[in-house]
Engineer: 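I'd like to ask some things about the structure below.
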Amino acid sequence: MRKKKRGGGMKAEEVIWFLDCQRHDYLNHLQVISGLLELGQPARAREYLKEALRFIETERMLLKGHEPELGLFLYRFWQKVRAFEVDVKFVRIEETFEDQLSGENLVYDLDSIVEEIGRSFSGSLVEVSVLATDCLICLLASGRGKRLELTYDRGVAGVR
């Protein structure tokens, strides 16, 4: 049985960052669809709309059905690697928690992991499997014939 922790939650800066990412992405989707319709390309607009819906479904999958801190961690990871033009497909997410993750256990400094994935997989599709326990998150990324194991243990990132 999971123990409930008191306090914690997202800080105001995290909420603002999260909402700003969503606003930016949704506005971009609407602008692309609007532009395609203005150019008289409804078929391309429909295809892009399907892509946007897949994007929104990935976002929903990351943020729902997981421990909240893990969902936010994965969402931040996904948002940051997209800046390197890496398309992430989450193929499996396994969680084994005896207690809830807390903000104290999960620090969001993902830069070394994101940069390694950006260097290794820029411009390509990467399949990512995730195993998360109380204090360790392991991401297995594979694509373009490469495979990386990335770990995140109490705020310390590692790459193998």
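Values reported hereafter were calculated over all heavy atoms of this structure, with side chains retained and with hydrogens, waters and symmetry mates removed.
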Engineer: Can you label the angle between the Y48 ring and the H29 ring as parallel, tilted or perpendicular, going by 30° and 60°?
Structural biologist: tilted

Engineer: So does E85 have more than 12 non-hydrogen atoms from other groups sitting under 6.0 Å from CD?
Structural biologist: no

Engineer: Does any donor atom in the side chain of Q79 or R76 lie under 3.5 Å from an acceptor atom in the other side chain?
Structural biologist: no

Engineer: Without swapping roles, check the side chain of T96 against the backbone of T133 for a donor-acceptor pair under 3.5 Å.
Structural biologist: no

Engineer: If you look at every heavy atom in G118 and V86, which pair is closest and at what distance?
Structural biologist: CA-CG2, 4.3 Å

Engineer: Assert yes or no for the condition that the ring centre distance of F73 to W78 is strictly below 6.0 Å.
Structural biologist: no

Engineer: Are there more than 12 heavy atoms of other residues, nucleotides or ligands under 6.0 Å from atom CZ of R147?
Structural biologist: no

Engineer: Return the minimal non-hydrogen interatomic distance between S122 and R144, and the atom names on each side.
Structural biologist: O-NH1, 2.9 Å

Engineer: Identify the two heavy atoms, one from L37 and one from P42, that lie closest to each other, and give their separation to 0.1 Å.
Structural biologist: CD2-CA, 4.0 Å

Engineer: Taking atom CZ of R82 and atom OG1 of T58, what is their separation to the nearest 0.5 Å?
Structural biologist: 9.5 Å

Engineer: So does R54 pair up with D87, basic N to acidic O under 4.0 Å?
Structural biologist: no

Engineer: Taking it one step at a time, do L148 and L140 satisfy side-chain contact (heavy atoms from CB on, under 4.5 Å)?
Structural biologist: CA-CA 6 Å; L148 288 177; L140 182 59; over 6 Å; no

Engineer: Is there a side-chain contact (heavy atoms from CB on, under 4.5 Å) between T151 and L136 once you walk through the steps?
Structural biologist: CA-CA 7 Å; T151 58; L136 174 71; 4.1 Å; yes

Engineer: Yes or no on side-chain contact (heavy atoms from CB on, under 4.5 Å) for V81 and F121, after CA distance, side-chain angles and deciding distance?
Structural biologist: CA-CA 10 Å; V81 296; F121 302 110; over 6 Å; no

Engineer: Ion pair present between E47 and R44, side-chain N to carboxylate O less than 4.0 angstrom?
Structural biologist: no

Engineer: Examine V15 and W17 and state if one hydrophobic cluster contains both, with Ile, Leu, Val, Met, Phe, Trp and Tyr joined whenever side-chain heavy atoms are less than 4.5 Å apart.
Structural biologist: yes

Engineer: Are the side chains of I93 and M61 in contact, using a 4.5 Å heavy-atom criterion?
Structural biologist: yes

Engineer: Measure the NZ-CZ distance between K146 and R119 for me, rounded to the nearest 0.5 Å.
Structural biologist: 10.5 Å

Engineer: Would you mind reporting whether L62 and F77 have side-chain heavy atoms less than 4.5 Å apart?
Structural biologist: no

Engineer: Rounded at 0.5 Å granularity, tell me how far CG in L74 sits from CG in L139.
Structural biologist: 7.0 Å

Engineer: Are the side chain of S120 and the backbone of E116 linked by a donor-acceptor contact shorter than 3.5 Å?
Structural biologist: yes

Engineer: Is there side-chain contact between I117 and F84, with heavy atoms separated by less than 4.5 Å?
Structural biologist: no

Engineer: Compute whether any side-chain donor of one residue and acceptor of the other, for Y75 and Q22, lie under 3.5 angstrom apart.
Structural biologist: no

Engineer: For S129 and V91, which heavy atoms make the closest approach, and how far apart are they?
Structural biologist: OG-CG2, 3.1 Å

Engineer: Check whether E95 reaches the backbone of E67 with its side chain - one donor and one acceptor, N or O, closer than 3.5 Å.
Structural biologist: yes

Engineer: Out of curiosity, does L30 fall in the hydrophobic cluster containing L49 (side-chain heavy atoms, cut-off under 4.5 Å, transitive links)?
Structural biologist: no

Engineer: Are L53 and Y26 co-members of a hydrophobic cluster defined by side-chain heavy atoms under 4.5 Å apart?
Structural biologist: no

Engineer: Do you reckon F90 sits in the same ILVMFWY cluster as V126, going by side-chain contacts under 4.5 Å, direct or chained?
Structural biologist: yes

Engineer: Working note: F18 + E13, criterion side-chain contact (heavy atoms from CB on, under 4.5 Å); need CA distance, chi angles, decisive distance, verdict.
Structural biologist: CA-CA 9 Å; F18 177 81; E13 301 87 36; over 6 Å; no

Engineer: F55 and L27: same hydrophobic cluster, using ILVMFWY side-chain contacts below 4.5 Å?
Structural biologist: no

